[in-house]
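The basis for the numbers below is simple: all heavy atoms, side chains too, and nothing from hydrogens, waters or symmetry mates. Below, read A as the first sequence line, B as the second, and so on, with proteins coming before strands; counting in each chain starts at 1.
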Amino acid sequence: MRGLGSRRFGGVSHADLQEEEPSQSSSTSESTHDQDAEEENRCFGTFQGTIVGLRYYTGTVNRGEMVALVRQPQNPYDRNAVMVANVYGSQVGHIKKELAAALAFIMDRNLARVEGVVPYGKTNSFTMTVTLTFWGREENQEAVHSQMKNHGYKLNAVKGSSSAASWDRYGGAGSSSEICPVILTQEELKNAFDKLFDDLLEDRTREMEAAEAVRTPLLLHQKQALYWMTSRENSSDLPPFWEQRSGLYFNVLTNFGARESPESVLGGILADDMGLGKTLTTIALILSNFHNGKPLPVKYEGGASESRPSTSSTAHPAQKGASRRKEDSPKPLQTLKRSHKESDRTAASEDDDDVVVVSETRADQKPTASQPKRQTVKLHDVDFGSSLDSSRSASAKSRMKKGSGQTVKLHDVDFGSALDSSGSSLDSSKSASTKSQVKKGSGTSKKSPRPTLIICPLSVLTNWMDQFEQHLREDVQLNLYLFYGPDRCRQASFLSEQDVVLTTYNVLTSEYGKNSVLQKVLWLRVVLDEGHIIRNPDALQSKAVLSLNAERRWILSGTPIQNSVKDVWMLMCFLRLKPFAVREWWMRVIQRPVMMGNKEGLKNLQALLKVLTMRRTKLSKANGRPILQLPEKKVFLQKVVLSKEERERYELEKAEGRRIISRYMADGTVLRNYADVLAILVRLRLLCCHCDLVGKLTETAGTADSSSPAELRERLISKIRLVLSSGVDEECAVCLDSLRQPVITHCAHVFCKPCICEVIQSKQLAAKCPLCRANIKSTELLEYPGDEEDSRPTDRKDQWRSSSKVEALMTVLLKLRSEDPTIKSLVVSQFTKFLNILEVPLRESKFSFTRLDGTMNQKARARAVSELQDPSPGSPTVMLLSLKAGGVGLNLTYGAGA
DNA sequence: ACCGCCGGGTGCC
DNA sequence: ACCGCCGGGTGCC
């Protein structure tokens, strides 16, 4: 570890190893995120080269440390120049010019990725040895070898035939782990992670109570998450893979050493499954961990302000043991009889870097704060008035209004003090709850921001508002600002005073680049909801997200590792985990090793996620019990006897179906006529619901080879419709996932369009149906045209008739209603047409009901759900639910907060 | 750099 | 004195 004494940072080369915008390091061979990078897995060999000019630069390296090679085509002395930089981007020296001439050719043409490790570190002050390793795609190997040869260099072959073997020797931190040339499949990878998190749960049993402002009692696993998140935010731990060694900070993966401590990663990834309450946990975090485990100082309605004393029931993560869950009902306010001034002083004395009274600091921190007061108010009003469609969530809206009024008032107060700027406003009686902090750029004071920025997809924006509404105590005055809509307020000073600013990825992206206020504000924390959205590093929204200034950063995601290890990189960039914001280090240390099946690489990735991620599934356990304690499920099976007429029809169809299927059996063509078989079964199931669901039996089955193209097409379309409308979650036999863009082949098998097209592409003319081996062509695929909008039976009410099943259902519903008129029921069917039929008797019996099926867009679905969940009298008590549309991702609870 | 290289000084032994 | 040799100055790209 020599040469550390003179280490300095922020060298000239930072510009070349872009941290903030990883995709723009265009002067390096690392610039591309395209597929090539993933395939550059072959090791062409190694070479001992020389780094010169050490004495001109401050960047230093340790023995075995990884270095980056960066082309400098603009170098005035040599256009072939190759600069050498250490992990932090400080320049170490240059590659000797003769060697650089050879490398420049290779690097400029992307024939190989050239990576360096300095095996001895600094042995003299002028030059140093570097072990170069060449990685690339197989087809470029020859070109690389001959280019080196032309310059009089010969690559050393890598020991062992497997290129994977080379990683440990030349890329790894000198580890001697065994070689594992097996490439892990995605599935194995995923299992490895799930197992990892299972093991982890045992270590994460500490709990923390939410601040009193949070009304909804947290479940055990949510308290555990809150504890974990709080301790991550208050952590001063070194980031993963950093150690302190003899007074220096040392990265064990790259062997890089630094005098300064790398910044702690204050945040991480909350990757709980859907439905475990990530939103509530995040809200609790915002309210409960303002600074050092103290709750966010919020104002309570009625003028009382609370700066919660540290004696409250909130357990600081540093405290031992778990505190007990607080009462389910809100406690009476713990009224503070101190004067506001006193409470300010208390806060300050308890916690030096806590908060500063806003009216005190604003005056000098923002001398330009001369916006007209009127405008502020107006902007605010408009903001809450406009916003989303929001025909739903009326309650949230009214709450927002309430909040808005409060915010305006506070704003006015601050504003006044900013104007008179005498500084005497310190004793302002209003200021206790409007504590804020000195913003970045204010110069004098330590930065200590207040607001949390939440970024989410538009589709869940109202959900966030609802959840704040639902989970906060009613008398809490939270300054929540919806940064959305054409009249959103773009004043940094205003945003900096909020507790929470809520916006969407789209808004963030559209503001990005035009001097966005969101980039100017220093946020206490930034929360990315559905954080996997920023997977693509080239996307503008990813860049916008990365450029936000924040002290703490969180990613909420049900699926953090959606597709592959590649996705994790952006998350690490966002969390600013050094040194992975520079893609080269991520590639060398994590991604390529993992992709090549290197055990050490996988271990490192796991270690990384282990520290930064909390993930529970619905099946996870907390303290030995399932985290979700569902009420006991009771199943009542009611057998409905068909009427004589129905039974006759059913038996007729059954006999006919038997006849057809046994013919297929005899011919050995069951598989080939799979859709027909399914259709027969579906018809029988339909008949059990209602005879009108089934048309007259048409002779379609088994005649596939004797009809006109138009007839064939018609038949296939009706088959695919039948298959899809059966409500069974059809699987594509190629991807084994549920169908996307379903198409039907001439042999009547249904696949995802992309899947079957890929099959045909690869086999060309010889393509066979994966299910029945019949010849298939891409031109013969028929796409599913979507459901024909059949007229609902209400249109022809006169023709409506009941069925045994309908009668049975109505009997049960009426009985339930007579016992409890407010009871809510879900009526589920696989067949939306049956739901249509059911609407008639429901209406007749004066049931108020909602409906949710696959034809409805997200907004309509959300409305249907919230209407059903409305507890007020006269609200819908029945929901007609199509099995397929309601089967996944629907969160239906009744009696909120339970 | 305890090198290599360059260029000026120098010149029998 | 169109060379060799010596020794000081110098040094990434």
Side-chain angles (χ1 to χ4, degrees), chain A residues 1-19 24-31 46-135 143-144 146-155 254-258 579 582-585 588:
Chain A
M1 296 243 295
R2 265 172 287 181
L4 285 163
S6 63
R7 186 186 296 287
R8 280 191 287 145
F9 299 109
V12 286
S13 48
H14 256 299
D16 293 299
L17 286 170
Q18 292 272 351
E19 286 212 16
Q24 289 188 3
S25 48
S26 51
S27 63
T28 79
S29 61
E30 305 290 335
S31 62
T46 67
F47 185 79
Q48 294 280 121
T50 308
I51 303 170
V52 297
L54 301 188
R55 64 169 165 146
Y56 299 97
Y57 307 102
T58 54
T60 53
V61 283
N62 305 309
R63 183 195 315 191
E65 184 170 327
M66 296 183 177
V67 290
L69 305 186
V70 184
R71 277 282 288 125
Q72 280 185 329
Q74 303 302 330
N75 188 300
Y77 304 96
D78 181 0
R79 61 188 173 82
N80 290 326
V82 177
M83 180 266 264
V84 180
N86 70 15
V87 168
Y88 271 9
S90 300
Q91 182 162 3
V92 174
H94 278 103
I95 293 292
K96 199 157 76 92
K97 66 174 183 294
E98 294 80 4
L99 179 56
L103 294 186
F105 181 93
I106 290 167
M107 294 170 77
D108 292 347
R109 284 164 186 73
N110 274 321
L111 295 175
R113 182 184 295 266
V114 187
E115 297 179 351
V117 172
V118 290
Y120 314 116
K122 188 163 157 173
T123 50
N124 71 54
S125 42
F126 302 97
T127 66
M128 132 165 83
T129 306
V130 59
T131 303
L132 304 177
T133 310
F134 294 71
W135 300 86
V144 169
S146 72
Q147 163 68 7
M148 290 297 280
K149 201 175 163 194
N150 289 344
H151 285 77
Y153 304 117
K154 186 173 184 318
L155 291 191
T254 62
N255 285 329
F256 175 74
V582 175
R583 188 157 184 263
E584 166 157 6
W585 308 119
R588 289 175 64 171

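A distance of about 25 Å separates the C1' atoms of C:dC13 and B:dC2, rounded to the whole Å. If you take atom P in B:dG11 and the same atom in B:dC6, they sit 24 Å apart, rounded to whole Å. As rounded to the nearest Å, C:dC5 and C:dG9 have P atoms that lie 22 Å from one another.
For the pair A:R79 CZ and C:dC12 C1', the interatomic distance rounds to 18 Å; values are reported in whole Å. Per the geometry, CD1 belonging to A:I51 stands 21 Å off P belonging to C:dG11, to the nearest Å. Taking atom CZ of residue A:R55 and atom C1' of nucleotide C:dT10, one finds them 8 Å apart after rounding to whole Å. Straight-line distance from the CG atom of A:N75 to the P atom of C:dC12: 12 Å, rounded to whole Å. Summarising the geometry, the separation between OH on A:Y56 and P on B:dA1 is reported as 16 Å, rounded to the nearest angstrom. Distance A:Q91 CD to C:dC13 C1': 9 Å, rounded to the nearest Å. Between the NE2 atom of A:H94 and the P atom of C:dC12 there is a distance of 11 Å, rounded to whole Å. Rounded to an integer number of Å, the gap from CD of A:E98 to C1' of C:dC12 is 11 Å.
When heavy atoms are screened at a 4.0 angstrom cut-off, A:L54 is found touching no nucleic acid atom at all.
Donor-acceptor pairing under 3.5 Å, judged by distance alone, is absent between the side chain of A:D78 and the base of C:dC13. For A:Y57 against C:dC12, a side-chain N or O and a base N or O form a donor-acceptor pair under 3.5 Å.
A distance of 5.5 Å separates CD1 of A:I51 from CD1 of A:I95, quoted to the nearest 0.5 Å. Once rounded to the nearest 0.5 Å, the distance linking CD of A:E115 with CD of A:E584 reads 6.0 Å.
Residue A:K97 places no side-chain N or O under 4.0 Å from the OP1 or OP2 atom of C:dC12.
Proximity of the aromatic rings of A:F47 and A:F134 is defined here by a centroid distance below 6.0 angstrom, and this criterion is not met.
Stacking of A:F126 onto the six-membered ring of C:dG11 is not present when judged by under 5.5 angstrom between centres and under 30° between planes.
The partner of C:dG11 is B:dC3, judged by Watson-Crick or G-U wobble contacts that both fall below 3.5 Å.
Looking at heavy atoms from C-beta onward, A:V92 lies out of side-chain contact with A:E65 at the 4.5 angstrom threshold.
A donor-acceptor pair under 3.5 Å links the side-chain atoms of A:N86 to the main chain of A:T60, judged by distance alone.
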